Protein chains: 2
Amino acid sequence: MKDDAPLREPSYLILTSLAAEPRHGYAVIEDVKQISEGRVVIGVGTLYTAIDRLHSDGLIEVDREEVVDSRLRRYYRLTNDGARRLAAETARLTRHAAAATSRLRVLGVEPA
Amino acid sequence: MKDDAPLREPSYLILTSLAAEPRHGYAVIEDVKQISEGRVVIGVGTLYTAIDRLHSDGLIEVDREEVVDSRLRRYYRLTNDGARRLAAETARLTRHAAAATSRLRVLGVEPA
DNA sequence: TCGACATATATCAGTAGTCGAAGTATGGTC
DNA sequence: GACCATACTTCGACTACTGATATATGTCGA
């Protein structure tokens, strides 16, 4: 894991989702739809492989498991490393977006 | 080209760089170092293949060519589509970063 | 003058992470 | 009985990035 490599959108939003509270995979998908205003729908393939990777990188960990209606729910939560990583990544996005915004403003273009 | 797919960091920063003024490839690398405060260094392989792709997607176009000290400089500029795309992508990043920031704040974590 | 470094572009093999689809399984609704 | 929502697993394909190598000119210091 190179911790200076940028997180890609799905992974970033998974961490963001888990920053609110522990959630299981399927609930993360629903939450990401909400916070992206319906624009980002994470496919199940992306989700579970990303969760595995974030887990083995120590950014998230298993919170608990539940069985509801005979269906397993595996809840994950952010680790301290995960929270730090999300904070660093957020600062990065904010800086980049600010640079783009000011340059676009000179061109007379406003972010949609 | 799926225009709903997110731009990855290098491509986003290349567009941001060209939003300021027309630049040639090598100058883009230097500019990106500046706007990212030294944190993002785009490799030449990434740069020229990304430029080719952004060009064939119509987001940038050739501004002019110069020869300085027997070395070619090919300048590119943003197209209108490129500016619109950068604006849309910037809005996306801003939304996501805002969601993460407010959730991190509840955890008592501030973006670095 | 020799070597190192900056400028400037081209190209390619390898890889990481995502995408999309298929599979397994339960339960509710029309 | 068909369909959709819930919930996780797995896998092949794809795309953009990474890192290295190549070519070539100009500058600067030892």
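From a predicted model like this one, the values you see are computed outputs, not experimental measurements. In the text below, chain A, chain B and the rest are named by the order of the sequence lines, each starting its count at 1.
- Closest non-hydrogen pair, B/P111 versus A/T90, comes out as CG-CG2, 4.3 Å.
- The stretch residues 10-37 of chain B comes close to DNA chain D through B/P10, B/S11, each having a heavy atom under 4.0 Å from the strand.
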N/O to N/O distances under 3.5 Å, protein versus nucleotides 24-26 of chain C:
residue	atom	partner	partner atom	Å
C/dT26	O2	A/R71	NE	2.9
C/dT26	O2	A/R71	NH2	2.2

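- In this structure, the CD atom of A/E66 is 11 Å from the P atom of D/dC8, given to the nearest Å.
- Here the closest heavy-atom approach between residue B/L47 and residue B/I42 is recorded as N-CG2, 3.8 Å.
- Applying the side chain to side chain contact (heavy atoms under 4.5 Å, CB included) test to A/A50 and every residue at least two apart in sequence or in another chain returns A/S11, A/I14, A/R53.
- Among all heavy-atom pairs drawn from A/A19 and A/L86, the shortest one is CB-CD2, 3.9 Å.
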Quick test: give all pairs of protein nitrogen or oxygen and nucleotides 10-12 of chain D nitrogen or oxygen below 3.5 Å, distance rounded to 0.1 Å.
none

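- For D/dC17, the OP1/OP2 oxygens have a side-chain nitrogen or oxygen of B/R53 closer than 4.0 Å.
- Taking atom CD1 on B/I51 and atom C1' on D/dA16, their separation rounds to 14 Å, with Å as the unit.
- With sequence neighbours excluded, the residues forming a side chain to side chain contact (heavy atoms under 4.5 Å, CB included) with A/D81 are A/L59, A/T79, A/R84, listed by chain and number.
- Atoms CG (B/L54) and P (D/dA16) sit 9 Å apart, rounded to a whole Å.
- A pairwise comparison of heavy atoms in B/P22 and B/R64 identifies CB-NH1, 4.2 Å as the closest pair.
- In this structure, A/E9 atom CD and C/dT18 atom P are separated by 10 Å, rounded to whole Å.
- Within the structure, every pair that satisfies the side chain to side chain donor-acceptor pair (under 3.5 Å) test and touches residues 95-112 of chain A, not counting sequence neighbours, is listed here: A/R103-B/D31.
- In this structure, the side chain to side chain contact (heavy atoms under 4.5 Å, CB included) partners of B/V68, at least two apart in sequence or on a different chain, are B/E66, B/R73.
- Near-neighbour residues of DNA chain C inside residues 73-83 of chain B, defined by a heavy atom below 4.0 Å, number-ordered: B/R73, B/R74.
- Applying the ring pair (Phe, Tyr, Trp, His ring centres under 6.0 Å) test to every pair with at least one member in residues 13-36 of chain A, sequence neighbours left out, gives these pairs: A/H24-A/Y75.
- Whole-Å rounding puts the A/I42 CD1 to D/dA7 P distance at 16 Å.
- When rounded to the nearest whole Å, the span between CG of B/D52 and C1' of C/dT11 equals 10 Å.
- Residues satisfying the side chain to side chain contact (heavy atoms under 4.5 Å, CB included) criterion with A/L93, sequence neighbours excluded, are A/Y12, B/L93, B/A97.
- A donor-acceptor contact shorter than 3.5 Å links the side chain of A/S36 to the backbone of A/V32.
- Distance A/R8 CZ to C/dC19 C1': 10 Å, rounded to the nearest Å.
- Between the CG atom of B/L72 and the P atom of C/dT9 there is a distance of 6 Å, rounded to whole Å.
- The residue from B/L7, B/L15, B/T94 that alone fulfils the side-chain contact (heavy atoms from CB on, under 4.5 Å) condition with B/E89 is B/L7.
- In this structure A/R71 satisfies the side chain to side chain donor-acceptor pair (under 3.5 Å) test with no other residue, sequence neighbours excluded.
- For B/Y48, there are no ring-ring contact (aromatic ring centres under 6.0 Å, His included) partners, not counting sequence neighbours.
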